[in-house]
Structure formats: C-alpha cells, structure tokens
Amino acid sequence: MLLRLPTSLSEAQQCLAEGAVPVGGATLVWALWQRDGFPEQAMSLRRLPEANVIGREALGAAVLLHQADARLPEVLRRAASTVGTGAVRRTATVGGNIVGSTLRCLLPAALALNARATVLDRDGSYETDLAEVVSKRHLLLGLRWQAPVTSGYHKAAAEPGGPPPLVVATAVHAGSDGRHHLTVAVRDGYEVVSGTTPCHTGSEQALHSLDRTDLGALPSTARDAVRREVTGVLARSAGS
C-alpha cells in the first residue's frame with residue numbers, strides 16, 4: 001500500500017482523483033484492511049495545513065485527539081479528552097472520529113457549537129453542515145464556529161463493552177442583537193439529536209422551549225441530564 005501525504009489542497013484533490021482512500025490515524029480501518037485486504041493507495045492529511053488548524057474558532061480534521069487543548073472551547077476539548085484510552089487519543093483524528101466512527105464522540109460538541117464543516121471532493125473544497133458530512137461520509141478538512149460565551153460537556157459513566165454512554169453537550173452563544181441563545185446536543189445510544197432556544201428568559205423557560213425540539217422525545221434519564229447541564233451552563237453564562 002502506498003501512503004500519500006499531500007501538502008496542498010490541489011495535491012489532495014489529485015490523490016482522490018487517482019483513487020487514494022482517505023485515512024486518519026487508521027484506528028478504525030486497520031483491522032478491516034487486515035481482514036479484507038489493503039487498498040493500493042491511502043491518503044493522510046497530516047501534512048495538509050488546512051487540516052491541522054487548532055484555534056479558538058477552528059479545528060482541523062487531521063488534528064490528533066490528544067492535541068485538543070485550551071485553545072478550544074471547553075465542550076470540544078472535554079469531548080476529545082474522553083475518547084478511548086490515551087494510546088487511542090495519540091493516534092485517532094478529529095475527522096476519523098466524526099466521519100468514520102459509529103460513536104462520533106465529538107459530534108455532539110460540534111453541534112452544540114453550531115459548527116460548519118469544510119470538506120473536500122474531486123471538484124474542490126466547500127462548506128456544508130454536519131448532517132451532510134455524517135450522512136454522506138465526506139472527506140472532512142475541518143470545523144469552524146463562532147466562539148461561545150461558555151460551554152459544557154457531560155459524559156455518563158459506562159461499563160466496558162456496554163452501550164454507548166449518554167453525552168450532553170451545551171454551548172451559550174451571543175446573538176447579533178445582544179441576546180444569548182443556547183444549543184444542546186445529546187447522544188443517546190447511537191443517535192444524536194439537538195435543539196436551540198433563546199435563554200435570556202432563564203433556565204426554566206429555556207428547558208420548556210427545548211422540550212418542543214427533538215430533545216423532548218428523549219427518555220427521562222437523558223432529559224434529567226439535560227436539565228442539570230442546562231442549569232449549570234446558564235449559571236456560568238450569567239457570571240461570565
């Protein structure tokens with residue numbers, strides 16, 4: 001297998017056009033390749049500048065999970081820190097987690113940030129939403145968002161080999177009119193749902209509003225966790 005390491009978007013496009021299979025840290029595909037056979041060509045984005053950004057409002061798809069640091073919002077930083085073991089986080093990439101994983105541990109955090117995705121295909125790069133990235137399994141270059149006022153992240157304890165643990169990601173955003181709104185994203189099992197509400201009227205009103213979104217269909221245990229996380233993040237927002 002030939003591993004190609006493009007250093008520009010045009011070179012990455014050429015790799016795709018020539019049939020190279022995108023691969024991040026290979027944590028999710030190596031066992032499959034050993035079983036089913038290796039592709040003739042693979043492509044890593046680890047030398048592509050656009051895929052290696054880490055900043056207050058951007059994160060590249062080739063960034064390793066253990067590199068998520070204080071430059072990122074709390075919700076995204078904490079999401080990355082809870083994925084797998086330390087050995088996994090030193091190999092797995094942001095793009096691999098969001099696009100390649102069935103758990104998609106970073107997806108709720110990205111949704112809470114109202115992040116937009118930049119993807120690459122044979123025709124070039126363009127911006128799209130996360131729903132399209134997940135459903136069509138695009139080659140992700142990176143995420144961009146507006147920095148939140150504050151954010152939070154909760155991941156329930158889970159037994160090894162058991163069902164995916166509940167995740168609640170929250171972020172408070174400042175609107176152009178000066179009023180804040182809250183976005184909450186929840187992973188319950190393998191499904192991820194989200195909702196947004198104005199939050200200047202207080203936590204109880206915000207929770208009632210969220211009940212009218214897809215979050216209202218969650219089971220009671222998940223809704224209890226949402227209530228705790230929303231109350232906490234709105235209290236921090238009021239003090240910031």
Side-chain angles (χ1 to χ4, degrees), residues 3 5-6 21-34 42-113 115 117-120 130 133-134 137-145 147-148 150-171 185-192 225 229:
L3 177 62
L5 300 165
V21 177
V23 58
T27 56
L28 298 171
V29 297
W30 194 260
L32 295 177
W33 286 350
Q34 287 182 312
M43 175 180 68
S44 169
L45 302 181
R46 68 189 184 203
R47 294 183 184 172
L48 185 67
E50 292 87 346
N52 284 278
V53 176
I54 308 177
R56 186 166 175 262
E57 297 186 332
L59 181 62
V63 172
L64 301 178
L65 298 186
H66 83 100
Q67 295 175 312
D69 57 25
R71 289 172 287 180
L72 299 173
E74 179 182 354
V75 63
L76 198 51
R77 183 174 71 251
R78 289 178 58 190
S81 72
T82 65
V83 175
T85 64
V88 168
R89 292 191 293 274
R90 288 190 292 273
T91 306
T93 63
V94 170
N97 183 271
I98 291 178
V99 181
S101 170
T102 57
L103 294 178
R104 299 187 176 97
C105 298
L106 300 188
L107 181 59
L111 288 170
L113 291 171
T118 302
V119 300
L120 181 70
L130 288 165
V133 172
V134 171
R137 299 177 67 86
H138 288 307
L139 174 56
L140 182 65
L141 290 177
L143 304 171
R144 291 194 177 274
W145 59 88
T150 190
S151 62
Y153 184 81
H154 166 74
K155 186 175 187 178
E159 297 182 3
L166 176 72
V167 166
V168 181
T170 55
V186 176
R187 185 187 70 190
D188 181 43
Y190 291 96
E191 298 298 317
V192 178
E229 292 302 301

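Note that the structure is predicted; figures quoted are calculated from it, not measured.
Across all their heavy atoms, K155 and T82 have their closest contact at NZ-O, 3.1 Å. The two residues G152 and V75 make their nearest non-hydrogen contact at O-CG2, 3.2 Å. Taking both residues in full, the closest heavy atoms of R90 and H66 are given as CA-CD2, 3.4 Å, listed atom of the first, atom of the second, then distance. Here the shortest heavy-atom pairing between V53 and V63 reads O-CG2, 3.6 Å. In terms of heavy atoms, A80 sits closest to R89 at O-CD, 3.2 Å. Across all non-hydrogen atoms, the minimal contact from P164 to G189 is CB-O, 3.5 Å.
Distance CZ/R71 to CG/L76: 12.0 Å, rounded to 0.5 Å. Going from atom CZ of R187 over to atom CG of L111 covers 12.5 Å, rounded to the nearest 0.5 Å. In this structure, L72 CG and S151 OG are separated by 10.0 Å, a value rounded to the nearest 0.5 Å. With rounding to the nearest 0.5 angstrom, the CG atom of N97 is 8.0 Å from the CG atom of L103. Taking NE2 of H154 as the reference point, atom CG of L166 lies at 5.5 Å (rounded to 0.5 Å). With rounding to the nearest 0.5 angstrom, the CE atom of M43 is 6.5 Å from the CG atom of L120.
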Kindly determine whether H138 and V99 satisfy side chain to side chain contact (heavy atoms under 4.5 Å, CB included), including the steps that lead there.
CA-CA 7 Å; H138 288 307; V99 181; over 6 Å; no

For a side chain to side chain contact (heavy atoms under 4.5 Å, CB included) check, start with the C-alpha distance between L139 and V119, then their side-chain angles and the critical distance, and finish with the verdict.
CA-CA 5 Å; L139 174 56; V119 300; 5.8 Å; no

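Remark: of the listed residues V133, I98, T118, I98 is the sole one forming a side-chain contact (heavy atoms from CB on, under 4.5 Å) with L143.
Other residues, nucleotides and ligands contribute more than 12 heavy atoms inside 6.0 Å of the CZ atom of R77.
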